[in-house]
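One structure is given here, and the rest of the page talks about it.
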Amino acid sequence: IMHIRGNDIVTIVRTDKQGNPTERHLIQGFSRPLASAGAMTISAVSVNDFPIATLIRRGVIDAVPAQIGSLTYSGSAQSPTWDNLNTDLLSVGGDLVGTNAGDYVATFLPKAGYIWWDNTSEAKTNTWSIWKQSVTPPSQAVPLTYTGSTQTVTIAGFDSSIMTLSGTTSGKDAGTYQAQVNLRDTTNYMWSDGTITPITVTWTIGKKTLTPPTVTGTYTYTGSAQTVSFSGYSSTTMTKGGTQSATNAGNYTAQIGLAD
C-alpha cells in the first residue's frame with residue numbers, strides 16, 4: 001500500500017464478488033497519512049467505463065498553460081498562443097482576446113475526470129501580455145534660413161498619426177528654437193528607450209548670407225561732387241556709411257552695413 005499514491009490507477013481483484021472479477025480504480029484519497037500506522041480507508045472510483053483518453057497521465061494536468069512568444073500592439077484584436085494547452089482537458093475562459101497594450105488574465109478549469117498536479121480541480125489563472133509598439137523618436141529638424149517671413153519647423157521622422165507637436169513650432173527671426181514631440185497614445189506606444197515623455201527637438205533658423213557690394217566703375221575729377229555707386233547693394237538689407245560722395249581727386253572710404 002505504501003507504493004500507492006493519489007490519482008494512481010490500480011487493478012483490484014474483487015474477492016467479494018462472484019467470479020473474483022478484476023476492476024480498475026482511480027485512487028482519490030486516504031483516511032490517514034500514508035506514513036502513519038494503523039488501518040485506513042482508501043477512497044477510489046471505478047474507471048472501467050472511462051474512455052481510454054481519460055487515463056492519460058492518470059488524469060493529472062501538470063502545468064498551467066502559458067503564453068508562447070510575445071504580442072505587440074497593432075490596433076487589431078489579438079489572442080495569445082498557449083504552451084501546454086489541451087482543450088480536451090481544460091476549459092478556457094477569462095480574457096482570451098485583447099487589443100490594447102497591457103496585461104490580461106485567462107482562466108483554465110480542468111474538465112471532468114482531470115485535476116491539477118497539486119490535487120486541486122479549481123480554475124487556475126495565468127497572465128498574458130500585449131506589448132506597447134516601440135517608436136523611434138525624431139531627433140533632427142530640417143535646417144531653415146531666414147527669409148523675412150514666418151517659417152514652420154519640419155522634423156525628420158515625425159508621424160502625425162501617432163505624434164503631436166508643441167512648444168515653439170514656428171519662427172521668423174534667425175535663432176534657436178525648441179519644439180516638443182509627444183506621443184498621441186501612451187497606452188499603446190512608447191519611445192524606443194521605453195519612455196513615454198515628450199522629446200525635445202532643437203531647431204534653428206540660420207542667418208541669410210549676403211554677398212558684399214562692390215564699387216561700380218572708376219571716377220575722374222570733374223570739378224563737381226560725385227557719388228559712388230555699388231553693385232549688389234540692397235537698401236532693404238544694407239545701410240551706407242562713410243564717405244559716399246566727394247569732389248577732389250583722392251582716395252575715399254565708404255562703408256556698407258547690414259540693416260539687420
Side-chain angles (χ1 to χ4, degrees), residues 4-9 26-30 33-35 43-45 47 50-139 157-166 180-201:
I4 298 176
R5 300 170 300 174
N7 302 311
D8 275 351
I9 300 294
L26 173 67
I27 302 300
Q28 294 185 311
F30 306 91
L34 292 177
S43 298
V45 61
V47 294
F50 282 15
I52 295 298
T54 63
L55 301 181
I56 296 175
R57 293 187 56 80
R58 302 189 180 96
V60 177
I61 303 168
D62 60 5
V64 179
Q67 181 180 7
I68 298 176
S70 61
L71 297 173
T72 301
Y73 174 76
S74 65
S76 300
Q78 302 182 79
S79 297
T81 299
W82 297 104
D83 182 29
N84 197 43
L85 175 60
N86 185 340
T87 54
D88 290 334
L89 313 183
L90 291 167
S91 297
V92 186
D95 303 324
L96 303 180
V97 178
T99 300
N100 291 327
D103 292 333
Y104 298 86
V105 178
T107 61
F108 304 92
L109 178 67
K111 292 184 177 180
Y114 295 91
I115 60 173
W116 297 111
W117 72 94
D118 59 1
N119 292 327
T120 62
S121 58
E122 292 80 11
K124 291 185 182 295
T125 63
N126 215 342
T127 300
W128 60 279
S129 303
I130 297 177
W131 292 93
K132 293 182 179 183
Q133 187 175 141
S134 178
V135 178
T136 300
S139 59
F158 178 80
D159 184 346
S160 61
S161 67
I162 59 175
M163 305 174 194
T164 62
L165 270 179
S166 60
Q180 281 74 47
V181 181
N182 314 271
L183 290 169
R184 289 184 181 275
D185 179 2
T186 55
T187 296
N188 295 306
Y189 292 89
M190 64 181 179
W191 301 121
S192 55
D193 62 359
T195 63
I196 58 173
T197 54
I199 301 296
T200 298
V201 177

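Sequence positions, counted from 1, serve as the residue numbers for this chain.
- The aromatic rings of Y104 and W128 lie parallel to each other, their planes meeting at an angle below 30°, with 60° marking the opposite boundary.
- Going from atom CD1 of I130 over to atom OG of S70 covers 11.0 Å, rounded to the nearest 0.5 Å.
- With K132 as the partner, the side chain to side chain contact (heavy atoms under 4.5 Å, CB included) test is satisfied by one option alone out of N188, D185, I196: I196.
- In this structure, Q78 contributes its side chain and T72 its backbone to a donor-acceptor pair below 3.5 Å.
- The side-chain hydrogen bond (donor to acceptor under 3.5 Å, both in side chains) test applied to S166 returns N182, not counting sequence neighbours.
- For T125 (side chain) and V105 (main-chain N/O), no donor-acceptor pair under 3.5 Å exists by modelled atom type.
- One finds a salt bridge joining D118 and K124 here, because a Lys/Arg side-chain nitrogen approaches an Asp/Glu carboxylate oxygen to under 4.0 Å.
- A side-chain donor-acceptor contact under 3.5 Å links K111 to the backbone of T87.
- Side-chain atoms of D103 and S129 form a donor-acceptor pair, as typed in the model, at a separation below 3.5 Å.
- No donor-acceptor pair under 3.5 Å is formed between the side chain of W116 and the backbone N or O of D62.
- Shown are N86, T81, L85; of these, the side chain to side chain contact (heavy atoms under 4.5 Å, CB included) with P65 is made only by L85.
- Considering CD1 of I199 and CG of L183, their distance stands at 8.0 Å, rounded to 0.5 Å.
- The closest donor-acceptor contact from the side chain of R184 to the backbone of Y189 lies at 3.5 Å or more, if one exists at all.
- When atom types are taken as modelled, the side chain of D83 and the backbone of I68 share no donor-acceptor pair closer than 3.5 angstrom.
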